[in-house]
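Structure first, commentary second.
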Amino acid sequence: HLQPALALYQQLEMQQGLAEIFWAEGLLQLVLGNREASEQHYLRCIAIGRSEAHNDPAIVMEALPYLGLLRQSEGRVA
């Protein structure tokens, strides 16, 4: 269900929605054991939140703990 939503948000250029999809996909990939894909989705979510066009700290604050959890579970510094 995430892919149709992703396509729609991309078509409508809705950055908030895209960030939410990337966050959800990051969590899904983490649960499925796809750590690299998970990290990439979290990073995309964070990039939207930090972008000059969107600049939404709430998005960043939502994704950073999960990225940190992922990296810490691998013994890396967040």
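These numbers come from a predicted model, not from an experiment. Because only heavy atoms are used, hydrogens play no part in the values below, and waters and symmetry mates are left out as well, while side chains stay in.
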State, with a plain yes or no, whether a side-chain heavy atom of [X] is found less than 4.5 Å away from one of [Y].
| X | Y | answer |
| --- | --- | --- |
| Gln29 | Glu25 | yes |
| Phe22 | Leu18 | yes |
| Arg35 | Leu30 | yes |
| Ile48 | Arg44 | no |
| Gln16 | Glu20 | yes |

Could you state whether [X] and [Y] fall into the same hydrophobic cluster, counting links through intermediate Ile, Leu, Val, Met, Phe, Trp or Tyr residues with side-chain heavy atoms under 4.5 angstrom apart?
| X | Y | result |
| --- | --- | --- |
| Val31 | Ile21 | no |
| Leu28 | Tyr9 | yes |
| Leu2 | Tyr42 | no |
| Leu32 | Leu27 | no |

Evaluate whether atom CD of Glu36 has more than 12 neighbouring non-hydrogen atoms of other residues, nucleotides or ligands under 6.0 angstrom away.
no
Could you tell me the separation between the [atom1] atom of [X] and the [atom2] atom of [Y], rounded to the nearest 0.5 Å?
| X | Y | atom1 | atom2 | value |
| --- | --- | --- | --- | --- |
| Ser38 | Leu69 | OG | CG | 9.0 Å |
| Leu64 | Ile46 | CG | CD1 | 4.0 Å |
| Asn55 | Gln15 | CG | CD | 12.5 Å |
| Leu8 | Gln3 | CG | CD | 12.5 Å |

Considering all heavy atoms, the nearest Cys45-Ala63 contact
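Heavy-atom minimum between the residues: SG-CB, 3.8 Å.
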Residues in side-chain contact (heavy atoms from CB on, under 4.5 Å) contact with Glu62, at least two apart in sequence or another chain:
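By the side-chain contact (heavy atoms from CB on, under 4.5 Å) rule, Glu62 matches Trp23.
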